[in-house]
Participant: 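There's a structure below that I have some questions on.
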Number of protein chains: 2
Amino acid sequence: MIFNVLANTEVARSKDIAEALGVAKPSVTGALKALSDKKLVNYTPYGYVTLTEKGRKQAAVIAAKHSIIKSFFVDVLGIEQEIAETAACKVEHSLGPEIISKLSKFIEFVNTKDSASQTMAQKFSDFYNDSES
Amino acid sequence: MIFNVLANTEVARSKDIAEALGVAKPSVTGALKALSDKKLVNYTPYGYVTLTEKGRKQAAVIAAKHSIIKSFFVDVLGIEQEIAETAACKVEHSLGPEIISKLSKFIEFVNTKDSASQTMAQKFSDFYNDSES
DNA sequence: TTGACAAGTTCGGTAAGACTAACTATATTA
DNA sequence: TAATATAGTTAGTCTTACCGAACTTGTCAA
């Protein structure tokens, strides 16, 4: 989760991380130490926090996963942004490369247009709305 | 997780649960006590374990979720059974009712046949195989 | 029917992840 | 430049989830 904050903001102040994560300050200090031990962040007490090269790579992988999952929820299923965001955060750690890769292909597939230049995502939306009535 | 074992096997011996979960025996005892406190299982030391009515209901909810998620992985994405099973176990606790309900509808949608009496799942399979070459 | 073995439990301990309270370092601004 | 407010850290505690070792219970077979 800290990766997300660092990747997005580049700011890297401990307080921001704590707020973004909804967690108390000491938890952030602890987490930063742990990540520092794993050589994923450059951490010095009272200093700014940046990602190491290794950390940046790992963050990129996570971010890619996250974006694929969220896109599936939002663009395919039609889930609300905020719910999709939260769910993607929770789920991204549980899905291995096989599923992520297939999911990515699937999103691509669902967004290709058919003869009537309609995507499957659009058709599902219709299907869903019809079934509601 | 214990719910899964109890729901599927009906046997309910502590040892089986421990094996199924890949966990040591004391962990099972602890978990059973916790579930017993929540009135989800009937637990007496050294006795057999069964689900309470409440426990059965909750297990059914979880099982339904699980089956929807696994079905998406297997029947829609074409993921291997075992990987899908594992992933579904991890993911089922992270997805709320909005997503589960949409996902369920989506699986239904994907399995409806079009004019050429082909399901979208089949089309995706073709699409995926084409893209591999 | 009793003893040995398997199953289950208790006890004590470790590790992760969080918290509050109290302390320290940094930064701001008067 | 010195005081004070803000950010960050340390220390200590709690909870949860696990483990191994040692003990207890139950059962089955001689």
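Predicted, not measured: the structure shown is a model, and the values here were computed from it. Letters A, B, ... are given to chains in the order of the sequence lines, protein chains preceding strands, and every chain is numbered from 1.
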Participant: Which heavy atom of A/Lys105 sits nearest to which heavy atom of B/Phe127, and what is that distance?
Facilitator: O-CE2, 3.6 Å
Participant: To the nearest angstrom, how far is B/Tyr46 atom OH from D/dT24 atom P?
Facilitator: 9 Å
Participant: Give one of base, sugar-phosphate or nothing for A/Tyr48, where a contact means two heavy atoms less than 4.0 Å apart.
Facilitator: nothing
Participant: Any chance you could measure B/Glu108, atom CD, to B/Ser71, atom OG, to the nearest 0.5 Å?
Facilitator: 11.0 Å
Participant: Which residue in the set A/Leu51, A/Leu40, A/Leu35, A/Asp16 passes side chain to side chain contact (heavy atoms under 4.5 Å, CB included) when paired with A/Leu6?
Facilitator: A/Leu51
Participant: A/Met120 vs B/Met120, test: side chain to side chain contact (heavy atoms under 4.5 Å, CB included). Steps then yes/no.
Facilitator: CA-CA 9 Å; A/Met120 250 155 254; B/Met120 251 154 252; 3.1 Å; yes
Participant: Which heavy atom of A/Tyr43 sits nearest to which heavy atom of A/Pro45, and what is that distance?
Facilitator: OH-CA, 4.0 Å
Participant: For B/Ile2 and B/Ala31, which heavy atoms make the closest approach, and how far apart are they?
Facilitator: CD1-CB, 3.6 Å
Participant: May I have the distance from B/Leu35 (atom CG) to D/dT16 (atom C1'), rounded to whole angstrom?
Facilitator: 14 Å
Participant: Please list, in numerical order, the residues of residues 21-33 of chain B that have a heavy atom closer than 4.0 Å to any atom of DNA chain D.
Facilitator: B/Gly22, B/Val23, B/Ala24, B/Pro26, B/Ser27
Participant: Taking atom C1' of D/dT10 as reference, at what distance in whole Å does atom OH of A/Tyr43 sit?
Facilitator: 10 Å
Participant: Hey, does A/Ile100 have a side-chain heavy atom less than 4.5 Å from the side chain of A/Ile69?
Facilitator: yes
Participant: Where do B/Glu92 and B/Ile62 come nearest, in terms of heavy atoms and distance?
Facilitator: OE2-CG2, 3.7 Å
Participant: Do you know which two heavy atoms are closest between A/Val110 and A/Thr119, and how far apart they sit?
Facilitator: O-CB, 3.4 Å
Participant: Roughly what angle, to 10°, lies between the helix axis at the start of the helix from C/dT1-D/dA30 to C/dA30-D/dT1 and the one at its end, five pairs per end?
Facilitator: 0°
Participant: Map B/Ser14 and A/Pro45 onto DNA chain C by nearest heavy atom, then report which one ends up closer to the 5' terminus.
Facilitator: B/Ser14
Participant: Anything under 4.0 Å to a heavy atom of chain A counts; send over the first and last such nucleotide of DNA chain C, read 5' to 3'.
Facilitator: C/dA18 to C/dT26
Participant: Can you confirm whether or not the ring centre of B/Phe106 sits under 6.0 Å from the ring centre of A/Phe124?
Facilitator: yes
Participant: When the distance from CZ of A/Arg13 to P of D/dT6 is rounded to whole Å, what number comes out?
Facilitator: 13 Å
Participant: Using atom NZ of A/Lys15 as one end and atom P of D/dT9 as the other, report the distance to the nearest whole Å.
Facilitator: 15 Å
Participant: Quick one: closest heavy-atom pair of B/Gly78 and A/Lys102, and the distance?
Facilitator: O-NZ, 3.5 Å
Participant: What is the distance, to the nearest angstrom, from the CD atom on A/Glu19 to the P atom on D/dG8?
Facilitator: 10 Å
